[in-house]
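Just so it is clear: chains get the letters A, B, ... in the order the sequence lines come, proteins before strands, and each one is counted from 1.
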Number of protein chains: 2
Amino acid sequence: MIFTTKAEYGVRLLVELGRQSQRHPVSLKAIAEAEGLPLAYLERIVALLKRAGLVESTRGAHGGYRLARGPAAIAMDEVVLALEGTVAPMECFVDDRAGGGRVLCSHHDDEGRGCATKLLWTRVQAGVLKTLGQTTLAELVDFDARQRPRERADATATATTAA
Amino acid sequence: MIFTTKAEYGVRLLVELGRQSQRHPVSLKAIAEAEGLPLAYLERIVALLKRAGLVESTRGAHGGYRLARGPAAIAMDEVVLALEGTVAPMECFVDDRAGGGRVLCSHHDDEGRGCATKLLWTRVQAGVLKTLGQTTLAELVDFDARQRPRERADATATATTAA
DNA sequence: CCCAATCCGACCGCGCTGGTAGGATTAGCC
DNA sequence: GGCTAATCCTACCAGCGCGGTCGGATTGGG
């Protein structure tokens, strides 16, 4: 498993936010019900997105969340990095955002010379990051819209009806 | 962390096997000492590689393991798949080698329609698999050889001396 | 003032990873 | 034929991170 549900839920949350243009903020409760996800857990996830400056929040009564930028300006590498903390193929690749090498595989020789596997993991990591960077939230919102034929008339919960 | 140490150790093991042309088989003990890895754990890992037909074994006295094919004919996607069982970005992507869709994200609507995230994870998975498939064991062995300047004269263990 | 919402921290069960232990089996060698 | 070195196999275990919950503090609209 490359990603945890943090990435899954977080991306779903952003897609949901992207669907409602922006106007009034959307409450987590609405999203949780719409996607069938645990509210309390979503709270912690959205906190990560907020800290990364991807969403903005309004507190109090009719508060909620909205995207900080347009969906087309949000690339998924930034999203996943914010949610997962790092996208490293291996323990020794915890580059903690510096962008350097930092390959210190404990096992191996004594000095931190490159393992043979370093070549492999480097390629994989670069590939993943590139793929993520090339996909924008706008694409996902678009894809999602085409996946749901009906809807909009049944109004399952208070998502679209309230306010 | 995309991969576990199974992949790390397994690849190291193969690189080590690739270094010793083939002639006589190499014992796990020699590899464990050379790489500083726990022998008992390596046993379980090499079993996965054997089951996948990547290495062959000789039992008894001067037994050990050798590559089943030349290093250039071993691509890393096959290796990692054998070691990790699957390379799925998400739980719902456990395609169990069938190659189909099988995306049944529990949360979501009711029927197994594609999540919006499906698009993303599909791209990532394809990217990783492609990267792995384009790297051969021969490349890693080569890379490893250039990373070690000296050696070959000190003979740390019984790896090259015995027999 | 009440209620709906964001915020925040502590807590917790479970499964998997990484590793160990012990033994059975196979085969070269004296 | 026995000793020994190796593969093979199964069960066991500690630690930890993931997924999730709970309770409460804070903020702000009506």
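Here the side chain of A/His62 is nearest to one of D/dC18, D/dG30, D/dG28, namely D/dG30. Nearest to the side-chain atoms of B/Thr4 among the listed nucleotides C/dT6, D/dG20, C/dG18 stands C/dG18. Comparing D/dA6, D/dT21, C/dT20 by their nearest atom to the side chain of B/Lys29 picks out D/dA6.
Residues A/Glu84 and B/Gly63 each lie close to DNA chain D; by heavy-atom proximity, the contact nearer the 5' end of the strand is made by B/Gly63. In this structure, B/Met90 and B/Gly60 both approach DNA chain D, and ranking their closest nucleotides by distance from the 5' end singles out B/Gly60. Residue order along DNA chain C, read from the 5' end via each residue's closest nucleotide, puts B/Leu39 first among B/Thr58 and B/Leu39.
One finds a salt bridge joining A/Glu78 and A/Arg69 here, because a Lys/Arg side-chain nitrogen approaches an Asp/Glu carboxylate oxygen to under 4.0 Å. Between A/Glu139 and B/Arg123 there is a salt bridge, with a side-chain nitrogen of the basic residue lying less than 4.0 Å from a carboxylate oxygen of the acidic one. Electrostatic pairing of A/Glu16 and A/Arg12 does not count as a salt bridge here, judged by no charged N lying under 4.0 Å from a carboxylate O.
For B/Tyr41 and C/dT17, the shortest distance from a side-chain N or O to OP1 or OP2 is not below 4.0 Å. Contact check, A/Ser57 against C/dC7: a side-chain N or O comes under 4.0 Å of OP1 or OP2. Between B/Thr5 and C/dT17, a side-chain N or O to OP1/OP2 separation shorter than 4.0 Å is absent. Residue A/Tyr65 places at least one side-chain N or O closer than 4.0 Å to OP1 or OP2 of C/dC7.
Within residues 43-53 of chain A, the residues having any heavy atom under 4.0 Å from DNA chain C are, by residue number, A/Glu43, A/Arg44, A/Lys50.
Per the geometry, CD belonging to A/Glu56 stands 14 Å off C1' belonging to C/dT6, to the nearest Å.
The base of D/dT27 does not come close enough to the side chain of A/Arg59 for any donor and acceptor atom to sit less than 3.5 Å apart.
Side-chain contact check for A/Arg66 and A/Ser57: no donor-acceptor pair (N or O, by modelled atom type) lies under 3.5 Å.
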Next item on the list: Could you go through the side chain to side chain contact (heavy atoms under 4.5 Å, CB included) check for B/Leu13 and B/Leu42 one step at a time?
Entry: CA-CA 8 Å; B/Leu13 195 154; B/Leu42 270 191; 3.7 Å; yes

Margin query: For A/Leu28 and A/Leu39: C-alpha separation, side-chain torsions, deciding distance, then whether side chain to side chain contact (heavy atoms under 4.5 Å, CB included) applies.
Written below: CA-CA 7 Å; A/Leu28 270 198; A/Leu39 171 62; 3.6 Å; yes

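Proximity of a side-chain donor or acceptor of B/Glu84 to a complementary backbone N or O of B/Leu81 within less than 3.5 Å is not detected.
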